[in-house]
Amino acid sequence: MLPKLIKYILTETPQSQEIEIYGWVRTKRDMKNLVFVEVNDGSCFSNIQCTFDRGAGLNAQTEETLVSLTTGASVKINGKLIPSPASGQAVEVAAFALLVLGQAPAETTDDIQGYPLQKKRHSLEFLREIAHLRPRTNTFGAVARLRSHMSYAVHRYFKERDFQYLHTPIITAGDCEGAGAMFQVTTMEPQTIAKQFKAGALDGGIDWTKDFFGKKTFLTVSGQLEAETYAMALSRVYTFGPTFRAENSNTARHLAEFWMIEPEVAFAQLEDNMALAEDFLKNIINSVLEECAGDLAFFDAHVEKGLIDNLKQVANAKFLHITYTDAIKELEKAASANKGLFEFEPRWGCDLQSEHEKFLTEKMAGGPVIVTDYPKEIKAFYMKMNDDDKTVRAMDVLVPRLGEIIGGSQREDNLEKLCSRLTGMGMKPEDYWWYLDLRRYGTAPHAGFGLGFERLIQYVCGMQNIRDVIPFPRAVGHAEF
Ligand code: 4AD
Ligand code: MG
C-alpha cells in the first residue's frame, strides 16, 4: 500500500495509533533535549514537524541517525500524531524512530558535491541551473502543483461543455502561423544534405523527397489547422499539447517549447469566441482560487503582493473589448499627451509592442482587454476577412504584467477568399489542399483560439520568468536536463 501523504496527515485529528511519515528533510533544529525535523513530501505546501524528545528516551540507533541527519535526506519517521503546542500548525508528530532512506551530504568532497539546496534563499537563476532539484524548493513545488491542477481544470472545463479532446500531430508539414519560426525534423545526415546542396538538387539545393517523410517536415507551431478538421465534424474540440517555436527571442515570456490549449468551435463567430475565452480564463482562475489556496497564499505573500485580490477582481470583471483601430487611437492620444511615453510610436498597421499592451491593460483598462479586428498584414492567412478588406476577425486577449496571453480568430470559411489570401501571401494553395477541402465540403462559420499554458500559469501565480513555470524550459541556448 502507498504511504499516506502529509497533506492528509496534517488535516487528521490526533489519535493514539502510530503513524509513518515519508518525505525529504527540509530543516533540522537540534535544541538539547528536543530535535525538530521538518519533513515535506510535496503533496502540499506545508511541512510536517516531527519532534524527537531525548528526554523521553531515544534508542541509540535513532540518536545516532538524528545527529548525522542533513537537509535533503529522504526519511521514514515513526511516531504519534499529537496536537501541536507551536503556532502555525494544528498537529505535529511525537517521533520515536527515524530511518534514513537516502543521504544528502552537505559537505563537498572529492567525489560528490554537497547537496546544493541548503536552507537559505536561492536565486531563481541559480535554481534554473539545477532544474532537476528545484522541485524540492517551496517555490517550485508550488508551481508544479499549480500547473498540475490547472491542466486538470482545463480538461474539466472542456469536458463539462462537450468539447472532445483531440490529439494533433507534433510533426507536421505545414506552417500554421506562416511565421517561419519552425524546427525542421529530418533524418537526413548533414553530409548528405551538404552533398546534395553542392549537386544543386530541388528546393534550395536539397531533395527532401529523399527524407524520412518524403517531404520537408517540422515540429508543429500550432495544432489549429488539424483541430479545424475535427471541429468540422465534431462541432467542439480542443487540443492541449506541446508546441514549438524557433523564435530567437530571449525574453521572460517566450519558450522554444511550450504547451498550448486550442479550442475550435463550429457554428461560432468572433463574438462567441471572445465569450468563450473570457469564460474559460475566469473558470480556471476561480478553480485555482478555490482549490489551490495553500499554494496561492505563498505566491501572494512572496512572489506578487496582492495577487489573490487581483485574481478575484479579474474573475468578476467584464473584459474590455476594443478594436485594433480604436486601440491605436487611444495609444496615439496617450503618446501625444505624453512625449516619450513609448519607445515605439504606435502606428496603424504595426504590431502592438509590449509597452503598448502594457498601456492598454494597466493604464487604460486596469484589467484584461480583448483587442479585435487587426490589419490583415500582421495576422495569419486563415483569419476571416472583414468587409473593409483591410482588417481580419482576429482577437488577442491581453492581460496586465504579461501582455498577450491568447491569440485567436474567426476562420475564413469562404474557399475563394481563403485561396486568394494564400496566394496574396505568397503561399501555395495546393500545399493546403486538405485544409481547403473543409471549405469545399460542408463549410461553416467557425472560430477558435490558442492560449499559451505557461503564460496563464505566470499570470495566475505571478512568476516573472516563463522559464520558472515549466519543469524543463527549452529556450535559445538552453536544453539541459
Ligand atoms: O498567437 P499565436 O501564435 O496563435 C496561434 O498559434 C493560433 N494558431 C492559435 C489558434 O487560433 N488556435 O499563439 C497563441 C498563444 C499566444 O497568445 C501565447 O500565449 C502563446 O500561444 N505563445 C507562446 N508562449 C510561450 N512561448 C512562445 N514562444 C509563445 N508563442 C506563442
Ligand atoms: Mg499571437
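As the structure lists them, so they are numbered: ligands from 1, and atoms in each ligand from 1. Just so it is clear, the values below take in all heavy atoms, side chains as well, and ignore hydrogens, waters and symmetry mates.
- Every atom of ligand 1 with a heavy atom of Gly407 under 4.0 Å away is listed here by number and element: 1 (O), 9 (C), 10 (C), 11 (O), 17 (O).
- Residue contact check for ligand 1: Tyr382 places a non-hydrogen atom closer than 4.0 Å to it.
- Contact annotation: for Met383 versus ligand 1, there are no heavy atoms closer than 4.0 Å.
- Of all N/O/S atoms in Glu404, OE2 sits nearest the Mg ion (ligand 2).
- Comparing heavy-atom distances from atom 6 (O) of ligand 1 across Met395, Gln224, Arg245, Glu454 singles out Arg245 as nearest.
- For Glu264, the heavy-atom gap to ligand 1 stays at 4.0 angstrom or more.
- Counting only heavy atoms of the protein, atom 7 (C) of ligand 1 lies nearest to Glu177 OE2, 3.3 Å.
- Here Asp396 fails the criterion, with no N, O or S atom under 2.8 Å of the Mg ion (ligand 2).
- Contacts with ligand 1 closer than 4.0 Å are made by no heavy atom of Asp396, backbone or side chain.
- Centroid-to-centroid, the aromatic rings of Phe280 and Phe158 come within less than 6.0 Å.
- Between Glu228 and Tyr382, the side chains place no donor N or O within less than 3.5 Å of an acceptor N or O (distance only, hydrogens not considered).
- In summary, the aromatic rings of Phe359 and Phe342 are positioned with their centroids under 6.0 Å apart.
- For atom 12 (N) of ligand 1, the nearest non-hydrogen atom from the set Glu257, Glu262, Glu404, Gln410 belongs to Glu262.
- Within ligand 1, counting atoms from 1 as listed, the ones closer than 4.0 Å to a heavy atom of Met260 are 6 (O), 13 (O), 14 (C), 15 (C), 21 (O).
- Using a 4.0 Å heavy-atom cutoff, Ile466 is listed among the residues neighbouring ligand 1.
- Looking at Arg455 against ligand 1, only its side chain comes within 4.0 Å, counting heavy atoms.
- Of all atoms in ligand 1, listed by their number and element, those nearer than 4.0 Å to a heavy atom of Arg411 are 10 (C), 11 (O), 12 (N).
- Within the 4.0 Å heavy-atom criterion, the part of Phe449 lying near ligand 1 is the backbone and not the side chain.
- For the side-chain hydrogen bond (donor to acceptor under 3.5 Å, both in side chains) test with Asp373, the passing option among Thr323, Asn386, Thr391 is Asn386; the others fail.
- No heavy atom of Gln458 sits closer than 4.0 Å to any atom of ligand 1.
- Near Gly452, the atoms of ligand 1 lying under 4.0 angstrom from a non-hydrogen atom of the residue are 15 (C), 19 (O), 20 (C), 21 (O).
- Residue Thr243 does not touch ligand 1, judged by heavy-atom distances below 4.0 Å.
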